[in-house]
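What follows is a single structure, written as structure tokens, with notes after it.
Quick note: numbers below take in every heavy atom, side chains included, and nothing from hydrogens, waters or symmetry partners. Chain identifiers are assigned alphabetically (A, B, ...) following the order of the sequence lines, protein sequences preceding nucleic acid strands; residue numbering begins at 1 within each chain.
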Amino acid sequence: MSADIVISQVSKQFRGGALALQDVSLQVEDGDFVSLLGPSGCGKSTLLKMIAGLTLPSSGTIAVDGILPANARQLMSFIFQDPTLLPWRTVEENVGLGLELGGMAAAPRKAKVEEMLELVGLTAARTRYPRQLSGGMKMRVSIARALASRPSILLLDEPFAALDEMTRDRLNDELLRLYAERQQTMVFVTHSVAEAVFLSRRIVILAPHPGRVAHIVTNDLPWPRPAGIRLSAEFDAQAAYVSRLLRGVHAEAPSL
Amino acid sequence: MKRRLTFAAQSLLVLAGLLLVWQCAVWMGAPPYMLPAPPAVGAAVVERFGSLVRSLWLTAEAAALGLLGSIIVGVAIALAFAQWRGLRRLLYPYTILLQTVPIVAVAPLILMWTGNGLLPVALVAFIICLPPIIANTTQGLISVEENFLHLFLMHEAKPAQVLFRLRLPHALPHLFTGIRIAAGIAVIGAITGELFAGASRVGEGGLGYSILYASGQLETDYLFALVLAATVLGFTFFFVTMFLEWYFLHHWHESNRSDMPD
Ligand SMILES: Nc1ncnc2c1ncn2[C@@H]1O[C@H](COP(=O)(O)OP(=O)(O)OP(=O)(O)O)[C@@H](O)[C@H]1O
Ligand SMILES: [Mg+2]
């Protein structure tokens with residue numbers, strides 16, 4: 001199958017800022033689950049936004065499904081670090097936002113929203129407003145909204161970073177379940193080694209100053225991955241390996 | 001509930017105290033054409049209730065018309081400012097300038113151009129209500145977080161959808177802040193306008209006109225009644241806008257949460 005996301009020799013220089021990314025090349029195949037792991041400020045969010053076409057590279061090219069990212073947005077959904085829910089809309093109205101903007105009629109939209117709410121376990125909270133939800137529930141709404149438009153590529157920017165560890169683990173389990181069901185392409189930005197090891201097929205470790213690809217690790221943790229796999233020796237070994245690589249990247253970064 | 005009752009009792013006590021000070025001043029020999037006794041003002045209210053209410057109504061009409069007009073026009077201008085940054089850069093400074101123009105100085109000019117009656121008075125109210133509506137709404141429309149804009153972009157939203165489903169609802173609390181400010185000055189604007197052209201007939205007009213007329217006739221007790229009426233009107237406008245703000249925002253906006261401690 002053809003590569004879904006092709007990033008070739010991309011650099012990003014912000015106006016008046018430092019070089020955020022230098023010469024990044026990466027290919028993400030259809031149905032792959034790739035994590036971008038690296039210290040703060042190494043350009044993870046910038047890279048993800050460029051894949052979404054929300055920021056343009058200073059040089060190099062990105063193609064999504066063979067075309068410019070800005071023209072391929074109907075294939076992608078973006079999940080932000082904070083849930084980005086519209087506070088004046090109820091849960092179901094938030095979930096249906098993308099479908100509504102796309103012009104889907106009310107009846108099929110309602111059915112679709114229903115399905116999504118069931119998927120993330122929020123049917124009971126459908127008429128609540130965002131301020132009446134916990135952090136984990138808000139994130140679920142955000143995921144439901146992203147999945148509603150049936151994207152073939154999901155871009156996630158540290159979606160669970162603000163949550164406590166137990167909630168984060170549970171949402172990771174759910175994300176993996178969704179991934180197993182739908183086999184979407186996932187690009188997942190995270191700070192957490194455990195999260196990256198649990199979720200991904202491949203882990204891209206980025207080095208800072210300037211941001212660049214330091215290592216690409218193929219994660220040989222077997223599939224399927226039940227929640228309990230986090231306690232296995234294999235998991236520990238894989239996490240230790242990735243941690244070591246990450247620490248090496250940290251060490252070569254100039255101290256601030 | 002109990003706390004509210006205590007608060008109401010305290011407020012009433014302050015009012016009673018003020019009335020007492022007033023009455024004492026009268027007892028100490030202030031002449032009635034300068035300072036009528038509270039009961040005399042009360043009597044004036046009762047005696048001339050009909051014309052008082054008529055004046056009040058005329059002013060209320062003009063102020064409401066001006067306020068409503070400023071909301072419609074102000075929001076339209078703010079939407080245009082949000083949509084076209086160049087236009088905003090070019091014209092926004094003038095809306096601020098409009099705010100600094102002393103309305104008392106301009107009112108006669110406006111009335112000279114437009115003549116007497118309800119419309120010119122409403123126009124004066126409209127002019128002083130406009131800047132806070134434009135300024136607050138524009139601020140709300142353009143202060144949408146980047147993530148929300150990216151979200152709409154990812155869903156391939158059209159510019160009109162960004163404007164009406166993202167920017168406008170986001171600006172609603174700001175708009176209501178503008179309306180609250182405007183509601184307070186709408187009444188002042190209408191009364192100012194009436195000082196120069198509020199007569200519908202000789203001796204009869206809105207509060208501003210009647211205040212001028214009563215002071216000319218040295219009907220000080222009625223003058224006090226008119227001032228009282230103007231205050232009541234101002235309060236009414238304020239509370240109506242507060243209620244509307246609560247009604248439209250309480251279910252989602254933080255500052256209007258019903259479960260907030262007071
Ligand atoms: N709009 C911008 N203008 C200027 N510089 C920017 C902009 N956005 C990001 N940067 C810079 O680019 C670099 C990479 O930022 P980015 O947000 O991609 O990092 P990150 O890896 O996502 O960090 P974190 O893990 O803290 O989210 C940083 O040095 C940052 O200061
Ligand atoms: Mg980031």
Side-chain angles (χ1 to χ4, degrees), chain A residues 45-46 48-56 64 69-91 93-104 127-133 141-142 145-151 153-159, chain B residues 75 78-79 82-83 85 136-137 139-180 243-262:
Chain A
S45 297
T46 305
L48 205 63
K49 277 183 190 153
M50 286 198 292
I51 296 172
L54 297 171
T55 304
L56 292 175
V64 174
N71 298 329
R73 291 218 181 97
Q74 75 274 16
L75 299 175
M76 300 185 273
S77 272
F78 202 110
I79 297 182
F80 301 87
Q81 173 160 353
D82 56 297
T84 328
L85 304 181
L86 303 177
W88 55 86
R89 284 176 173 246
T90 60
V91 166
E93 287 165 348
N94 266 293
V95 172
L97 176 75
L99 305 174
E100 187 186 318
L101 294 175
M104 187 189 264
T127 57
R128 291 211 217 158
Y129 285 90
R131 66 173 180 81
Q132 300 167 305
L133 305 176
V141 176
S142 177
R145 177 180 60 197
L147 293 176
S149 45
R150 282 211 154 268
I153 300 169
L154 217 52
L155 308 171
L156 306 99
D157 192 357
E158 300 189 45
Chain B
V75 169
L79 284 171
Q83 195 68 338
R85 187 206 289 244
N136 282 281
T137 311
Q139 190 53 41
L141 290 170
I142 64 176
S143 64
V144 173
E145 259 179 74
E146 195 183 38
N147 272 357
F148 285 108
L149 293 168
H150 282 165
L151 174 71
F152 271 61
L153 248 152
M154 287 310 289
H155 288 297
E156 306 189 288
K158 296 166 191 72
Q161 289 177 320
V162 173
L163 193 58
F164 290 107
R165 294 192 206 188
L166 177 60
R167 291 190 189 274
L168 193 57
H170 176 266
L172 222 49
H174 301 78
L175 169 61
F176 272 110
T177 304
I179 293 178
R180 214 178 328 124
F243 171 77
L244 288 177
E245 186 173 358
W246 173 85
Y247 181 81
F248 282 108
L249 300 184
H250 73 103
H251 54 285
W252 65 268
H253 192 56
E254 297 291 341
S255 74
N256 277 282
R257 290 171 65 157
S258 49
D259 53 331
M260 287 261 272
D262 52 9

* Structure fact -> Residue set satisfying ring-ring contact (aromatic ring centres under 6.0 Å, His included) with B/His150, at least two apart, ordered chain then number -> none
* Structure fact -> Residue set satisfying ring-ring contact (aromatic ring centres under 6.0 Å, His included) with B/His155, at least two apart, ordered chain then number -> none
* Can you tell which of A/Gln81, A/Met76, A/Gln74 has the highest number of heavy-atom pairs within less than 4.5 Å of chain B? -> A/Gln74
* To do: Considering only heavy atoms and a distance below 4.5 Å, find which of A/Gly102, A/Ser149, A/Pro87, A/Pro151 pairs most often with chain B.
  => A/Pro87
* Structure fact -> So, the part of A/Leu97 with a heavy atom under 4.5 Å from chain B: the answer is side chain
* Distance, nearest 0.5 Å, that separates CD of B/Glu145 from CZ of A/Phe80 -> 10.5 Å
* Structure fact -> Cut-off 4.5 Å, heavy atoms of chain A, and the answer for B/Leu149 is neither
* **Side-chain (B/Arg167) to main-chain (B/Gln83) donor-acceptor, under 3.5 angstrom** => no
